[in-house]
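Beneath this line is the structure, given in structure tokens, with notes to follow.
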Amino acid sequence: MSLIQHRIGGVPVGGGRTLPVHDPAAGAPAGEVVLGRAAEVEAAVTAAARAFATWQEVSLSRRARVMFAFRDLLERHEDELARLVTAEHGKVLDDARGEIVRGREVVEFACGIPQVLKGEYSDQVSSGVDAFSFRQPLGVCAGIVPFNFPVMVPLWMHPIAIACGNAFVLKPSERVPSASGLIADLYAEAGLPDGVFNVVHGDRETADALITHPGVAAVSFVGSTPVARHVHATATAAGKRVQALGGAKNHAVVLPDADLEQAADQITAAAYGSAGQRCMAISVVVAVGAAADPLVDRLAERARAIKVGPGTDPATEMGPLISRDARARVAGHVDAAEKAGAKVVVDGRGLPGPGFYVGPCLLDEVGLGTAAYQEEIFGPVLIVLRAETLEEAIALVNANPHGNGTAIFTSSGEAARRYQRAVHVGMVGVNVPVPVPMAFYSFGGWKASLFGDTHVHGPEGVRFYTRAKAVTTRWPRETALSGAGAMAFPT
Ligand code: NAD
């Protein structure tokens, strides 16, 4: 069994408590990860602060060159990274490759940092006076990330932070720790100086030490809503800049004029891909008017046909859940909804172990008050709700506390426009089920899906990892130097 260690100042570091890391397809431990204590957090922040002192002075073109090299290495090692992701997370290999490609696109954005970081300049704002503004890095930035995208979500953060001139300490999810070690190796091979990128493994204790450490200037967090709320409150109270992305309950609204075959295909992939363990997964369908019955038939047919198995098998379309607890929680939600009167149209409970499998579940006639609708299930469970009108559907979506992603399926541009303007959700798809913004836009939800002001990656990521400085200059001619400054503001 492998022992997965921290990466501090360019070297592997062990010590302290350990936790088993499971292979979800086998339902058995496959390795162990060390859990950082205050001492390892201290060592990582110190190494990062030391590295920051010189890294912030490195020219923009050299920083960009490191990112270009890192981007190529990510491509060359895509297979190796995908295998690490599938081994610990369970998702199918093609899906693991997909997350690496999406993450690499953020590195491609970071390669353009000299262009993105250009400041503003105003000539002659007053007689002989010029003004300009530019952005400077913050120092040591920390990232705390969830289990469901072991490569992509950290890549939303550290390439931009580092290209902007910061140093970074990453705390990966303790359930999927291995990929981050390989990422550290690839940065080193790309020429990034030791200490600019550090990895401290651990759990909530490690995370809390990191988000309250006086040497950390900014915290990026992605995970569940209760933890996002805690991280935002704790780290802002400790004086840090914070962006904390939380959980989701993403609704897809299907109007009767939609192409129902296309909608059913797209919604099936968005609901059950990665066993529903995506923050942008569709977990609720709101079928409007006459769309409902034919849509449920089509969704059921597709859900029943999904091949469930180990992520390493090329025939598999959906892998296991992350843990035994997750399997019990997901099945428990379906049990409780059924007891409360929901109709289990497709039942994925009861798949044989020892892997952490739950098959696709489709629930109809779900009461709005049931936990299955009120809470984020984060598993392969799709709930169908019915509405009479688009306005009723919009009201349902807006009544939900989450506001991460949503989609509408329709052939009416007017209805789509009405929807995209009215919903209180950060990312909207029109006939696109998983509307994740490209790397050159920014990713983030509204309401309980985001605590903080800035979204991640793209232009908002650059703003998050830098702060603005405005300079006003006067370079008078020798002869004009004499004469006292006016006491009043110039008019
Ligand atoms: P989680 O909240 O349990 O854990 C996230 C991270 O926080 C992990 O690194 C974990 O070690 C740490 N952590 C856990 N409890 C903590 C505590 N009390 N204090 C400090 N740190 C703590 O989330 P998860 O189960 O790993 O991931 C799934 C969740 O992440 C889902 O809710 C999903 O919607 C969400 N998610 C959101 C987005 C988004 O962009 N909004 C993206 C991916 C995942």
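What you see is a predicted model, and the numbers here were worked out from it, not measured in a lab. Both ligands and their constituent atoms are indexed starting at 1 by order of listing.
- Each of I144, V145, P146, F147, N148, W156, K171, P172, S173, E174, R175, R204, A207, D208, F221, V222, G223, S224, V227, H230, L245, G246, G247, A248, C279, E376, F378, N404, F443 has a non-hydrogen atom positioned under 4.0 Å from some atom of ligand 1.
- Applying the side-chain hydrogen bond (donor to acceptor under 3.5 Å, both in side chains) rule to pairs touching residues 432-450 yields nothing, sequence neighbours excluded.
- In this structure, N400 CG and S283 OG are separated by 8.0 Å, a value rounded to the nearest 0.5 Å.
- Salt bridge R329/E375: absent, no basic N to carboxylate O contact under 4.0 Å.
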Verdict with supporting geometry, E99 and K91, salt bridge (charged side-chain N to carboxylate O under 4.0 Å, His left out)
CA-CA 10 Å; E99 81 159 277; K91 65 176 73 174; 2.7 Å; yes

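- Checking D208 against H230 by side-chain atom types alone, a donor-acceptor pair falls below 3.5 Å.
- For the residue pair R135/T466, the side-chain donor-acceptor check at 3.5 Å is satisfied.
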